[in-house]
Amino acid sequence: DVPDSLIEQEKDLKQYIAFCEKQLYEVDSSKLIFYQKEAFNHKEKYRNLIQKLEKNYPKYFQLKYQKQEISLKEVQQKLDKETALLNYFVGEKELYVMILEVNKAHLHTIPMTNTWEKDLKDFRKSTTQLDFILHPDSSQQVYDLYTQKAHQLYQNLLEKPLANLTPNIKKLKIIPDERLNYIPFELLLTNQENSSKSDYRNLAYLMKKYVISYDYAATLQLYQKPSNTKNQFLYAGFAPQYQNDLLVQLDSLDHLKKENQLYQIAMRDGFEDLPAARQSVLNIAELLEGKAFVGEQATKADFLKNAPDFDILHLAMHGLVDDQNPLYSKLIFTSNPNQTQQAFLNAAELYNMDLNAQLAVLSACNTGYGQLKKGEGVMSLARAFTYAGCPSLVMSLWSVPDESTAQIMSTFFQNLKENKSKDTALQQAKLAYLQNAPNRLSHPLYWAGFVPVGEMNALQLSPSSFPYRWILLILASFTLFYPLKRWFF
């Protein structure tokens, strides 16, 4: 029962505060004091409004602003009999992991070895560091380092906790902490295989034994919406076309690297156009009878206007990660001539959006990577989509190649159409890629960067999810039958 005027005031204040804070990073020094004052004054107005909402509209305040914590029993009630939740906490000298099933819970304490930090860095190096992985003389060294560290981390993080699981557990939902947020657990190896062939296709990946998904916090399950399609349209895919002027500008941003940790995110040596992404979006839109915003239609303005109307959002594009100021990490849309700044959608702008999508697939590089904050997790583009209202995400933990991403996404959406759960759909898409990939493209760099986050139920993309198609078929049948009825009777 909150008046529309207060809702609009709340929204306008949030947007203006975000605008002022954005200007602090983008305007010259002569206007800096003005925007500092504006931000301060409007934050005070916003605080007063929140106090008014708390006093006069307590239910709305409780829903939107009052923090709630989920109890152990509530978490267990949200699990099915085939799923276990593993919640990690990184202490100073020990790791802790709480393992929850429907009817039992136990806590494991894991001593941190002297090589803990190095093991994590070496694992990350063996899966994401391009100059090391792609060097022609280091293939066996990369393979040996990866298999050693992937099995070692499995032994440290999972071997004892998983030994106590009931036999019927098939899925793991993992809530990582600190640097564990950068580790795709499905890549850990249940045993180490020594080979001189550097063949990654037949390794004992954890994902071959369990379907794995992630979440930011157990409490988020209090707010997760069910996966049932309800919007006017089902699927919207956004795949920009990058002209030379924008590509040059993106490459030029690389010189800021040492100054403010603005990282260029691209699989290639510099930014380039992504034709495979556009074709993938066109194919998926046809598969799901959705809408493809490609090329000139994939602008920031198109996204802001249309995104709230769709159940599935698929963004196949470049991104920029700002590791120092995470609110200014960006997704890069198609730019208009001489207006390249209009192509950048900041995470801060996403935080102020209200999205109705049940699933956001962030098929850009490093959308799950960002600044680590103690007690909060990773400040990433993916987190902004969660805050904007998307209960389910697919995000990337490193720079991913255009061609293999397109293949995996096509299979993933085909699996979703067959009513498979989101985590199972992605797991099977990865395994399908791995089975068919040539040896030189079987390294995890090419296929393992995407992970599912949040609520994982199937989207129920059966024919009943396409009501307009069936209504048209019924009307067409009636139109054909009616003249025949008159002729016969």
Side-chain angles (χ1 to χ4, degrees), residues 84 86 115-116 118-163 165 169-172 174 176 179-214 267 368 394 396-401 403-405 407-408 411-412 415 423-452:
L86 284 72
T115 61
W116 164 249
K118 185 177 186 303
D119 292 340
L120 290 177
K121 289 180 180 179
D122 285 345
F123 176 81
R124 182 83 180 172
K125 176 182 179 180
S126 70
T127 53
T128 66
Q129 189 171 314
L130 294 182
D131 57 349
F132 176 56
I133 295 169
L134 301 181
H135 194 284
D137 298 327
S138 64
S139 61
Q140 189 62 43
Q141 184 182 357
V142 173
Y143 180 85
D144 292 342
L145 182 64
Y146 168 72
T147 53
Q148 178 190 355
K149 296 304 177 182
H151 182 54
Q152 189 173 333
L153 286 173
Y154 170 79
Q155 289 177 308
N156 292 340
L157 296 173
L158 290 166
E159 192 167 48
K160 289 184 179 179
L162 296 185
L165 293 181
I169 295 297
K170 297 179 181 178
K171 293 189 174 187
L172 304 178
I174 295 172
R179 295 187 182 277
L180 295 180
N181 282 280
Y182 299 145
I183 300 295
F185 280 65
E186 57 265 42
L187 273 186
L188 303 185
L189 299 178
T190 56
N191 59 64
Q192 183 178 352
E193 298 182 22
N194 297 317
S195 172
S196 59
K197 297 180 180 179
S198 302
D199 188 349
Y200 295 87
R201 290 170 293 189
N202 298 311
L203 294 176
Y205 299 110
L206 185 65
M207 71 174 184
K208 291 183 177 180
K209 186 174 182 180
Y210 296 101
V211 178
I212 299 172
S213 65
Y214 302 83
M267 180 63 200
V394 172
S396 59
L397 295 179
W398 57 73
S399 299
V400 287
E403 291 289 343
S404 60
T405 295
Q407 294 178 41
I408 291 169
T411 310
F412 170 66
N415 292 339
D423 47 359
T424 299
L426 187 58
Q427 176 216 34
Q428 292 184 1
K430 290 178 179 178
L431 291 174
Y433 172 86
L434 193 58
Q435 181 178 0
N436 297 313
N439 186 32
R440 64 184 181 84
L441 299 178
S442 64
H443 186 279
L445 173 75
Y446 295 95
W447 55 268
F450 289 101
V451 296

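Only heavy atoms go into these numbers, but all of them, side chains included; no hydrogens, no water, no symmetry mates.
Shortest non-hydrogen contact noted between Asp131 and His135 is O-CB, 3.3 Å. Across all their heavy atoms, Trp398 and Pro184 have their closest contact at CZ3-CG, 3.7 Å. The two residues Tyr210 and Ile169 have their closest heavy-atom pair at CE2-O, 3.5 Å. Nearest heavy atom pair, residue Asn181 against residue Leu397, reads O-CD2, 3.8 Å. Nearest approach of Leu441 to Tyr433, heavy atoms of both residues: O-OH, 3.0 Å. The two residues Asp122 and Leu145 have their closest heavy-atom pair at O-CD2, 3.8 Å.
Distance check: Gln192 CD to Asp144 CG gives 8.5 Å after rounding to the nearest 0.5 Å. Taking CZ of Phe132 as the start and CD of Gln141 as the end, the distance is 4.0 Å to the nearest 0.5 Å. Note that CG of Leu426 is 5.5 Å distant from CZ of Phe412, once rounded to the nearest 0.5 Å. We find the CG-CG distance between Leu158 and Leu86 to be 6.5 Å, quoted to the nearest 0.5 Å. Interatomic distance, CD of Gln148 versus CG of Leu153, reported as 10.0 Å (0.5 Å rounding). Atom-to-atom distance recorded for Tyr446:OH and Ile133:CD1 is 8.0 Å, nearest 0.5 angstrom.
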Could you walk me through whether Leu187 and Tyr146 pass side chain to side chain contact (heavy atoms under 4.5 Å, CB included), step by step?
-> CA-CA 10 Å; Leu187 273 186; Tyr146 168 72; 3.6 Å; yes
Test side chain to side chain contact (heavy atoms under 4.5 Å, CB included) on Leu431 and Lys208 and set out the steps.
-> CA-CA 8 Å; Leu431 291 174; Lys208 291 183 177 180; 4.0 Å; yes
Which is it for Ile212 and Tyr205 under the side chain to side chain contact (heavy atoms under 4.5 Å, CB included) test, yes or no, and what are the steps along the way?
-> CA-CA 11 Å; Ile212 299 172; Tyr205 299 110; over 6 Å; no
Test side chain to side chain contact (heavy atoms under 4.5 Å, CB included) on Thr424 and Asn415 and set out the steps.
-> CA-CA 8 Å; Thr424 299; Asn415 292 339; over 6 Å; no
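Proximity of Tyr200 to Val142: side-chain heavy atoms (C-beta onward) are separated by under 4.5 Å at one or more points.
Panel note: side chain His443, backbone Ser126; a donor-acceptor pair is recorded below 3.5 Å. Distance alone, capped at 3.5 Å, places no donor-acceptor pair between the Trp447 side chain and the Ser404 backbone. Using a distance-only test at 3.5 Å, with no hydrogens or angles considered, a donor-acceptor pair links the side chain of Thr411 to the main chain of Gln407. Judged purely by atom type and a 3.5 angstrom limit, Tyr214 uses its side chain to pair as donor or acceptor with the backbone of Phe185. Within the 3.5 Å criterion, the main-chain N or O of Ser442 finds no donor-acceptor partner in the side chain of Arg201.
Screening residues 182-192 for salt bridge (Lys or Arg N to Asp or Glu O under 4.0 Å), with sequence neighbours left out, gives Glu186-Lys430.
The salt bridge (charged side-chain N to carboxylate O under 4.0 Å, His left out) test applied to Lys209 returns no partner, not counting sequence neighbours. A search for salt bridge (charged side-chain N to carboxylate O under 4.0 Å, His left out) contacts involving Lys125 returns nothing, not counting sequence neighbours.
Atom NZ of Lys160 has 12 or fewer heavy atoms from other residues, nucleotides or ligands within 6.0 Å.
With respect to Leu172, the side chain to side chain contact (heavy atoms under 4.5 Å, CB included) criterion is satisfied by exactly one of Asp423, Val211, Leu162: Leu162.
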